[in-house]
Protein chains: 2
Amino acid sequence: MIFTTKAEYGVRLLVELGRQANDAPVALKTIAENEGLPLAYLERIVALLKRADLVESTRGAHGGYRLAREPEKVTMDEVVLALEGSVAPMSCFVDESDDTRVLCSHVDDGEACATKLLWLRVQGGVIEALRRTTLAELVAFSAKQDVAQSDQTLGSALPLQSTA
Amino acid sequence: MIFTTKAEYGVRLLVELGRQANDAPVALKTIAENEGLPLAYLERIVALLKRADLVESTRGAHGGYRLAREPEKVTMDEVVLALEGSVAPMSCFVDESDDTRVLCSHVDDGEACATKLLWLRVQGGVIEALRRTTLAELVAFSAKQDVAQSDQTLGSALPLQSTA
DNA sequence: CTTAATCCTACCAATGCGGTAGGAGAAACC
DNA sequence: GGTTTCTCCTACCGCATTGGTAGGATTAAG
């Protein structure tokens with residue numbers, strides 16, 4: 001069970017934005033360079049965040065993106081939902097309509113499969129974990145990481161960017 | 001985020017075995033027909049369960065598979081681990097060694113990415129949900145489904161707990 | 001010795017993922 | 001006004017994985 005890089009990159013992008021205290025927009029190019037991620041791909045990802053009103057943009061020179069809310073008010077369930085489309089442990093769990101309907105292809109219509117109970121619990125566990133994590137927490141976490149890194153050997157920090 | 005059909009089919013297979021009270025082996029063909037799943041594919045899946053000592057087999061005519069343990073003692077974290085190889089919310093979370101090492105390709109060696117905290121929590125939520133679900137529960141659940149189906153021709157009597 | 005089952009391995013089509021390319025609009029700055 | 005620097009949009013593409021198939025070898029019951 002795995003999230004795609006959309007979630008990974010999107011969350012990283014938001015963390016980068018969250019680290020900026022001021023409300024000056026940040027260009028995607030800056031973020032791409034900071035994180036070592038492909039710019040063109042990030043563009044498509046940030047579009048998802050904008051569509052979900054998690055991010056605001058200003059076009060033109062000196063433009064870029066900023067958070068639409070304070071990091072404390074951004075929970076990860078919203079973020080991952082915007083990026084991945086759904087939080088479903090099984091393909092038949094993807095909710096087409098607005099209610100969380102279970103559509104399992106291998107069972108009679110309207111019937112639940114034997115594994116419904118299990119996947120519901122897993123889904124609940126994931127959503128709960130996502131919801132209790134805010135962007136502010138991740139920003140603070142990454143800041144702590146930075147301190148730890150700069151405390152250690154600065155020179156021997158391998159520039160191991162696997163960016164081909 | 002999605003599990004593959006290996007987990008789905010594998011759990012269903014175990015539920016089918018769990019429904020048999022006696023210890024007579026059940027042929028895969030029977031299970032395939034009951035569940036409407038491709039036999040050849042099930043063969044590969046049940047091999048994973050056998051390798052993890054969740055299932056025992058007897059070859060030859062009148063052979064088949066049976067549970068290696070009572071359903072009460074089979075927890076789903078073991079099952080999913082055997083079927084999917086790992087329970088990792090992100091590709092860099094796949095543990096190659098025995099400890100749960102985080103190997104993130106986009107960060108310096110030994111360093112955690114900004115999203116480590118998040119994926120750790122998600123992974124924890126999933127594993128906890130899996131661990132507290134036993135095969136016996138799923139067997140009982142599927143039995144209840146059967147009763148509901150034969151009683152009222154429409155099994156919507158289940159209190160589907162939404163994203164609470 | 002036929003039949004019914006587990007085993008094993010190679011193969012294959014489709015899908016989705018991660019990434020690229022090439023532009024068209026919009027605003028700042030000279 | 002033109003250039004630069006951004007956001008935006010859409011089409012395309014290689015590749016790995018998934019789900020499934022094929023074909024056979026092995027084992028045991030009757």
Side-chain angles (χ1 to χ4, degrees), chain A residues 1-10 12-13 17 24-33 35-52 54-66 68 83-86 88-92 94 104-106 161-164, chain B residues 1-10 12-13 17 24-33 35-52 54-66 68 83-86 88-92 94 104-106:
Chain A
M1 189 195 65
I2 250 164
F3 282 106
T4 69
T5 57
K6 274 192 204 144
E8 170 79 20
Y9 295 177
R12 290 226 222 144
L13 196 157
L17 292 184
V26 182
L28 261 199
K29 193 182 176 188
T30 309
I31 296 179
E33 285 170 356
E35 298 279 336
L37 303 176
L39 172 61
Y41 192 32
L42 271 190
E43 287 182 356
R44 272 171 27 196
I45 289 173
V46 80
L48 300 171
L49 296 174
K50 192 188 176 184
R51 207 169 303 157
L54 288 164
V55 145
E56 288 171 351
S57 67
T58 52
R59 303 183 65 166
H62 289 285
Y65 296 89
R66 80 186 71 80
L83 290 166
E84 299 281 352
S86 68
M90 192 56 60
S91 54
C92 58
V94 177
C104 198
S105 56
H106 296 290
Q161 303 282 4
S162 61
T163 52
Chain B
M1 188 193 67
I2 252 165
F3 282 106
T4 68
T5 57
K6 275 194 204 140
E8 170 78 21
Y9 295 177
R12 290 226 223 143
L13 196 158
L17 293 184
V26 182
L28 262 198
K29 192 180 176 187
T30 310
I31 296 179
E33 285 168 357
E35 298 279 335
L37 302 177
L39 171 62
Y41 191 32
L42 271 189
E43 287 183 356
R44 273 173 24 198
I45 289 172
V46 80
L48 301 171
L49 295 174
K50 192 187 176 187
R51 207 169 304 157
L54 289 164
V55 145
E56 288 170 352
S57 68
T58 52
R59 303 184 66 166
H62 289 270
Y65 296 90
R66 79 186 71 80
L83 290 166
E84 299 282 352
S86 68
M90 193 54 61
S91 54
C92 57
V94 177
C104 198
S105 56
H106 297 291

- Value in whole Å for how far the P atom of C:dG16 lies from CZ of B:Phe3: 19 Å

- Message: Within the 4.0 Å heavy-atom criterion, would you say A:Ala27 contacts the bases, only the backbone, or no part of the nucleic acid?
- Response: sugar-phosphate

- Message: Can you see if the side chain of A:Lys6 gets near the phosphate of C:dG16 - specifically, an N or O under 4.0 Å from OP1 or OP2?
- Response: no

- CA sep, side-chain torsions, deciding dist, call: A:Thr4, A:Leu83, side chain to side chain contact (heavy atoms under 4.5 Å, CB included): CA-CA 9 Å; A:Thr4 69; A:Leu83 290 166; over 6 Å; no

- Item | Nearest to side-chain heavy atoms of A:Glu43, which nucleotide of D:dA29, C:dT20, D:dT7 | D:dT7

- Task: Among C:dG25, D:dT10, C:dC29, find the nucleotide with the atom closest to the side chain of A:His62.
- Result: C:dC29

- Out of D:dT18, C:dG19, C:dC7, minimum distance to the side chain of B:Thr4 belongs to D:dT18

- Side chain of A:Ser57 (C-beta onward), nearest among D:dT7, C:dT20, C:dG18: D:dT7

- Message: Ignoring hydrogens and geometry beyond distance, is the side chain of B:Arg44 in donor-acceptor contact with the base of C:dT9 at under 3.5 Å?
- Response: no

- Message: Looking at B:Lys50, I'd like to know whether one of its side-chain N or O atoms comes within less than 4.0 Å of OP1 or OP2 on C:dC7.
- Response: yes

- Which of the following nucleotides, D:dC8, D:dT4, D:dT18, is nearest to the side chain of A:Arg59? D:dC8

- Query: Any side-chain N or O of B:Tyr65 less than 4.0 Å from the OP1 or OP2 oxygen of C:dC7?
  - Reply: yes

- Excluding sequence neighbours, so at least two apart, what forms salt bridge (Lys or Arg N to Asp or Glu O under 4.0 Å) with B:Glu56? B:Arg66

- Task: Look at the side chain of A:Tyr9 and decide which nucleotide, out of C:dG19, C:dT6, D:dT7, has an atom nearest to it.
- Result: C:dG19

